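Contents: one structure, followed by commentary.
Everything numeric in this text was worked out from a predicted model, so none of it was measured. Per chain, numbering begins at 1; letters A, B, ... match sequence-line order.
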Protein chains: 2
Amino acid sequence: MGESISKLLANYDIRITEQRKKILKVLISSSKPLSASEIYNQLQQNNYQVRLSTIYRNLSNFHEKGLIKELNFAGKNQNYYEFINDHHHHLLCTSCGEILCLDCPLQDYESSLARETGYEISEHKIKIYGLCPQCKK
Amino acid sequence: MGESISKLLANYDIRITEQRKKILKVLISSSKPLSASEIYNQLQQNNYQVRLSTIYRNLSNFHEKGLIKELNFAGKNQNYYEFINDHHHHLLCTSCGEILCLDCPLQDYESSLARETGYEISEHKIKIYGLCPQCKK
DNA sequence: CTGTCTGCAAAGTCTTTGCAGCACA
DNA sequence: TGTGCTGCAAAGACTTTGCAGACAG
């Protein structure tokens, strides 16, 4: 496990440090996007001490290198980060904060949009908000 | 003009003040979403002095009442606000920051999603990122 | 008149930065 | 060994809050 994370970092030309392995591991293990402080808390709970500034620096680093995505949700005043597996989107419960992953419904929309606008499209993000079955009640 | 803005506020049960009329007017007149400080600057330029805290308070107020939308764009660490006309989305140039409005490509996606997930969908947001024709060069 | 709003100042939260010592390659 | 990373502390950007005086209805 530590092995494969080291390889991943190496593949992305990121120098391997204990802190980076720990931070990335948290992101990879998570089923949903995490904020910097959530990562910080998880590491604390595992008795691993890192500075928040280190976490921020490495999240930027990972993001620039294309290892993770940076997300911002309406009403949350902080960024969330997520390891990039496949392309997908999120459905957020506005009551309990639960985050669900969704398939992309815009598979071939981008090319037609590029044609219409003259833009070179690099990316799109979809956020869907609602109430989960529990909170609906 | 000032007339119709007052009526709009009244319709939304918002007490009419000079500051609110001015802030809302800026949002209505703008063709793209604005941040709190952009609104502040525009008002300054028109020789109208309002505190930033007042702007923030009223943006929250307008948003709660459903008069405006709150938006956050990847890589921008501040919220943007936009008067609600019709339902649409945004295409953002990652180089010059230009913002374009787009029709919604997900007209009937929400109902099928609700069926699949059990969620009660309230809203969705799409952001598309790319390079505008000028910046592409 | 009465409850609400604004100006003002201060604090709060999230994030970034500078520097010195430490660690990876 | 040398460059880049981390800890630490401080600053920065954006946003929120508390209070007293001002204003809308």
Side-chain angles (χ1 to χ4, degrees), chain A residues 2-3 5-26 33-44 47-65 67-68 70-81 97, chain B residues 2-3 5-26 33-44 47-65 67-68 70-81 97:
Chain A
E3 252 319 280
I5 288 190
S6 298
K7 272 185 196 156
L8 191 54
L9 287 168
N11 286 343
Y12 278 80
D13 273 323
I14 299 170
R15 197 166 179 166
I16 296 162
T17 69
E18 207 50 39
Q19 290 87 340
R20 285 176 177 164
K21 286 192 285 186
K22 291 267 165 54
I23 293 169
L24 186 54
K25 185 172 179 182
V26 169
L34 299 173
S35 66
S37 60
E38 285 174 336
I39 295 170
Y40 179 79
N41 291 333
Q42 282 207 24
L43 291 173
Q44 291 262 78
N47 291 313
Y48 187 69
Q49 184 69 42
V50 209
R51 292 275 124 186
L52 252 181
S53 54
T54 298
I55 294 179
Y56 278 113
R57 270 190 284 234
N58 285 311
L59 289 173
S60 297
N61 185 346
F62 295 169
H63 181 234
E64 275 173 21
K65 298 275 171 60
L67 244 179
I68 64 174
E70 187 180 273
L71 306 167
N72 35 58
F73 296 102
K76 306 223 177 191
N77 299 326
Q78 52 186 329
N79 290 328
Y80 283 72
Y81 299 87
Chain B
E3 250 320 279
I5 288 189
S6 297
K7 271 185 195 154
L8 190 55
L9 287 169
N11 285 343
Y12 278 80
D13 272 322
I14 299 171
R15 198 167 180 165
I16 296 163
T17 68
E18 207 49 39
Q19 291 86 340
R20 285 176 177 166
K21 285 193 283 186
K22 290 267 167 53
I23 293 169
L24 187 52
K25 186 174 179 181
V26 169
L34 299 173
S35 66
S37 60
E38 285 173 336
I39 295 170
Y40 179 80
N41 291 333
Q42 283 207 25
L43 290 173
Q44 291 263 75
N47 291 312
Y48 186 71
Q49 185 66 44
V50 209
R51 293 275 123 187
L52 252 181
S53 54
T54 298
I55 294 179
Y56 278 113
R57 271 190 283 231
N58 284 311
L59 289 173
S60 296
N61 185 346
F62 295 169
H63 181 234
E64 275 174 21
K65 298 276 171 59
L67 245 179
I68 64 174
E70 186 180 273
L71 306 167
N72 34 56
F73 296 103
K76 306 220 177 193
N77 298 327
Q78 53 186 328
N79 290 329
Y80 283 72
Y81 298 88

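Candidate nucleotides C/dC8, C/dC14, C/dT4 were compared by shortest atom distance to the side chain of B/Arg51, and C/dC8 ranks first. Between D/dT15, D/dC8, C/dT15, one nucleotide has an atom nearer to the side chain of B/Gln78 than all others, and that is D/dT15. Taking the side chain of A/Ser60 as heavy atoms from C-beta on, and the options C/dT16, C/dT4, D/dG4, the nearest nucleotide is C/dT16.
Distances shorter than 4.0 Å separate none of the side-chain N or O atoms of A/Asn61 from OP1 or OP2 on D/dG4. When the side-chain nitrogen and oxygen atoms of A/Asn77 are compared with OP1 and OP2 of D/dC14, none of them lie within a distance under 4.0 Å. For D/dC5, the OP1/OP2 oxygens have no side-chain nitrogen or oxygen of A/Asn58 closer than 4.0 Å.
In terms of position on DNA chain D, the residue among B/Ser35 and A/Arg15 whose nearest nucleotide sits closer to the 5' end is A/Arg15. Nucleotides of DNA chain C nearest to A/Thr17 and B/Arg57 differ in position, and the one nearer the 5' end is that of B/Arg57.
When rounded to the nearest whole Å, the span between CD of A/Gln19 and P of D/dT6 equals 5 Å. The NZ atom of B/Lys22 sits 11 Å away from the P atom of C/dG7 (whole-angstrom rounding). Protein atom CD1 of B/Ile39 is 14 Å distant from nucleotide atom C1' of D/dC14, rounded to whole Å. Spacing between atom CG of A/Asn72 and atom P of D/dA13 amounts to 20 Å, rounded to whole angstrom units. Taking atom CD1 of residue B/Ile55 and atom P of nucleotide D/dT16, one finds them 13 Å apart after rounding to whole Å. Between A/His63 atom NE2 and C/dT16 atom P there is a gap of 12 Å when expressed in whole angstrom units. At whole-Å resolution of the value, CZ in A/Phe62 and C1' in D/dC5 are 12 Å apart. What separates OH of B/Tyr48 from P of C/dG7 is a distance of 6 Å, to the nearest Å.
When side chains are defined from C-beta on, A/Val26 counts as touching A/Leu43, because their heavy atoms get closer than 4.5 Å. Residues A/Leu9 and A/Phe62 meet the side-chain proximity criterion, which asks for heavy atoms closer than 4.5 Å. Inter-residue side-chain proximity for A/Tyr40 and A/Ser35 is flagged as unmet; no heavy-atom pair is nearer than 4.5 Å.
Note on A/Ser53: a base of the nucleic acid sits closer than 4.0 angstrom, heavy atoms only. Among the protein residues, A/Arg20 comes within range of the sugar-phosphate backbone only, with heavy atoms under 4.0 Å from sugar or phosphate atoms but none that close to a base.
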Stepwise, does the side chain to side chain contact (heavy atoms under 4.5 Å, CB included) test hold for A/Leu34 with A/Gln42?
CA-CA 10 Å; A/Leu34 299 173; A/Gln42 282 207 24; 4.0 Å; yes
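Relative to the ring axis of A/Tyr48, A/Lys22 places its NZ or CZ within 45° and under 6.0 Å from the centre.
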